[in-house]
Amino acid sequence: MTRSGVAFGTSGARGLATAMTDSVCYAYTRGFLQYLESIGELKRMQERVVVGGDFRPSTDRVITAVCRAIEDTGYRAVNAGKVPSPTVALFGFTNKIPSIMVTGSHIPDDRNGIKFNKATGEILKDDERGMSGQIVEWDDTLFAADGNFTQSSTGFSMSERYAAEVGENYVMRYLDFLPHDALKGLRVGIYQHSAVVRDVLVKIFSHLGAEVTALGRSDKFIPVDTEAIRPEDVKIAHEWAATGKFDALVSADGDSDRPLVSDEHGNWLRGDIAGILCAKFLGADSVSTPVSCNTAVEKCGWFSEIRRTRIGSPFVVASMIQASAAGAKRVVGYEANGGFLLNSDIEMNGKILRALPTRDAVIVMLGILLLAKAQGKTVSQLAATLPARFTASDRLKNFATEKSVAILAKFNSGSETADKIEIEKMFNGICGRVLNLNRTDGLRIVFENEEAIHLRPSGNAPEFRCYAEAATEKRANEIVADALAKVSG
């Protein structure tokens, strides 16, 4: 890990594609399997381990290295091909086997990553430490000096049978839960770009009765980030909506565990607004969400319990597990990126939607559209039922983590009074006087006017992220732009 620079981020291992050599991917995978053996989750040789990946250029090579490591450790690699992250996880959870997804998620295609799931759920931070402590051995002749295999590995091509089974298992999750005409009368545009879920979305929405139009398919990988939405994705959504043909647009990031949902005007909903609406649709009694997410979840009064966490799905999962243990019955979680996690079985109209405690995108899309339809509202009218709190986010790219840490250290003197003074000096004129500080993850600054600035290094790439909250969308965007200008200066 130290030598390659490939490290655990907010969810899984991430790094430059060039740094994720065959030997690095092989070592991570063997470390994962050895760790599962050490905690008693893998007991049987020749047990299956299902593997999937996204459409970025380096994914096939990484899948091969992962599959080779699985086979060399004594297990059976099942290559399900290019499938969404939640489909791989769901297949593993359903069949009580480990699963591995090769994806860099939303980050540019010069990077990639590996996401690991136990048979019972995502790996948590304690599991990452357990993996990191494994001693992995291999024959020195296996890899060349550049870290790649000395001989090409064969026999790990995609299994048509398992690709179909993994995909169908996910599709039927929703078709079995909802009435066949649940989306009848709705016109939905599906922004496909290079999202690995693109064809699955067409199938699910069509089967549920929606009038579906596929839009913007790309053979080149596009790094769609559902938190920091690209200007070109904002523009194209408005152009499609201006035709008057759509009640909503839906999309997802590269590995398709984070959703994008727009209203009828082509305005993409923020992920932390989409999460609240989906939780409302499911009748959640406990909601776990990171500290960076919109405070409308508290202000709306819809939920019995709100649990705030650090940023990253492992922290949300850990919080949901605690909520279920404490007696909550309809336990959900979501992140600012819109990824939605379900820790409880949900019953509706005599049908059961089984728990899926990993990020999912499709449930958010369906939940919002079905809630709007049930209330006789458009998507924009539904979003307007929430308190007027708006979040925005952006990041400084190619910003070394060391620089990010140094900036945050300026505001961590050990004296909160001194820190408030230093913050007001740096952000003079943006938000006014500081009310309180929250260091759950990075630094969240709440000002006396109820506006907020949240600063933190990205856990997935050399980026410095800024989040803001205000009473209007325009104001939230202004705060982010002004704060990042101060930081970059």
Side-chain angles (χ1 to χ4, degrees), residues 84-87 89-96 117 120-122 168-183 197 200-201 204-205 207-210 250 252 256-259 261 271-289 293 297 300-307 309 313 316-335 338-375 382 385-386:
S85 282
T87 70
L90 177 65
F91 187 82
F93 300 159
T94 302
N95 291 277
K96 296 180 171 52
N117 297 297
T120 51
E122 283 191 17
E168 192 67 13
N169 188 44
Y170 183 70
V171 169
M172 295 311 298
R173 168 181 174 78
Y174 294 109
L175 300 190
D176 286 344
F177 178 60
L178 297 169
H180 67 89
D181 59 351
L183 298 177
V197 77
V200 172
L201 288 180
I204 291 175
F205 278 76
H207 277 72
L208 291 175
V250 299
S256 303
D257 61 352
R258 311 171 185 217
V261 180
D272 49 6
I273 292 296
I276 298 171
L277 297 175
C278 184
K280 171 70 170 174
F281 168 72
L282 294 171
D285 61 2
S286 176
V287 177
S288 294
T289 191
C293 288
V297 68
C300 69
W302 290 348
F303 311 108
S304 301
E305 178 185 48
I306 312 296
R307 303 169 64 94
T309 75
S313 58
V316 177
V317 171
S319 177
M320 293 194 304
I321 291 170
Q322 292 169 3
S324 293
K329 301 301 181 187
R330 298 168 84 90
V331 179
V332 307
Y334 65 85
E335 298 179 274
F340 199 89
L341 305 93
L342 186 57
N343 204 57
S344 305
D345 293 346
I346 300 292
E347 183 177 352
M348 276 188 180
N349 303 316
K351 299 291 185 69
I352 294 178
L353 183 67
R354 297 294 179 191
L356 182 54
T358 191
R359 276 195 300 257
D360 188 21
V362 170
I363 186 57
V364 179
M365 304 170 193
L366 296 175
I368 291 173
L369 294 182
L370 291 170
L371 185 61
K373 185 179 181 185
Q375 294 187 7
L382 179 66
T385 63
L386 284 167

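Note that NZ of Lys351 and CG of Asp176 are 7.0 Å apart. Values are rounded to the nearest 0.5 Å. Rounding to the nearest 0.5 angstrom, the gap separating the SG atom in Cys278 from the CD1 atom in Ile273 is 13.0 Å. Taken from CZ in Phe91 to CG in Asn169, the straight-line distance is 7.0 Å, to the nearest 0.5 Å. Here the CG-OG1 distance, from Leu90 to Thr87, works out to 8.0 Å after rounding to the nearest 0.5 Å. The CZ atom of Phe93 sits 6.5 Å away from the CG atom of Leu356 when rounded to the nearest 0.5 Å. Annotation: the span from Lys280 atom NZ to Leu371 atom CG amounts to 7.5 Å, rounded to 0.5 Å.
For the residue pair Leu282 and Ile346, the shortest heavy atom distance occurs at O-CG2, 4.0 Å. For the residue pair Glu122 and Ser313, the shortest heavy atom distance occurs at OE1-OG, 2.9 Å. Shortest non-hydrogen contact noted between Arg354 and Leu342 is O-CD2, 3.8 Å. In this structure, Tyr334 and Gly271 approach most closely via the heavy-atom pair CD1-O, 4.5 Å. Between Ile276 and Cys300, the shortest heavy-atom contact is CG2-SG, 4.4 Å. The shortest non-hydrogen separation linking Ser288 to Thr309 is CB-CG2, 4.5 Å.
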Handout entry: Trace of the side chain to side chain contact (heavy atoms under 4.5 Å, CB included) decision for Leu370 with Leu183
Key = CA-CA 7 Å; Leu370 291 170; Leu183 298 177; 3.7 Å; yes
Working note: Thr385 + Trp302, criterion side chain to side chain contact (heavy atoms under 4.5 Å, CB included); need CA distance, chi angles, decisive distance, verdict.
CA-CA 11 Å; Thr385 63; Trp302 290 348; 4.0 Å; yes
Please lay out, stage by stage, how Val316 and Thr289 fare under the test side chain to side chain contact (heavy atoms under 4.5 Å, CB included).
CA-CA 6 Å; Val316 177; Thr289 191; over 6 Å; no
Worksheet entry | Worked verdict on Asp360 versus Tyr170 for side chain to side chain contact (heavy atoms under 4.5 Å, CB included) | CA-CA 11 Å; Asp360 188 21; Tyr170 183 70; 2.4 Å; yes
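When atom types are taken as modelled, the side chain of Ser286 and the backbone of Val331 share no donor-acceptor pair closer than 3.5 angstrom. One N or O on the side chain of Asp345 and one on the backbone of Ala355 form a donor-acceptor pair closer than 3.5 Å. Judged purely by atom type and a 3.5 angstrom limit, Asp285 uses its side chain to pair as donor or acceptor with the backbone of Lys329. No side-chain donor-acceptor contact under 3.5 Å links Gln375 to the backbone of Leu382. Between the side chain of Arg330 and the backbone N or O of Gly283, at least one donor-acceptor pair lies under 3.5 Å.
With a 4.5 Å cut-off on side-chain heavy atoms, Val297 and Asp272 do not count as touching. Between Leu353 and Tyr174 the shortest side-chain heavy-atom distance falls below 4.5 Å.
Shown here are the ring-ring contact (aromatic ring centres under 6.0 Å, His included) partners of Phe303, two or more places apart in sequence or in another chain: there are none.
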Would you tabulate the side-chain donor-acceptor contacts of residues 361-368 under 3.5 Å, counting partners in other chains and residues two or more places apart, or write 'none'?
none

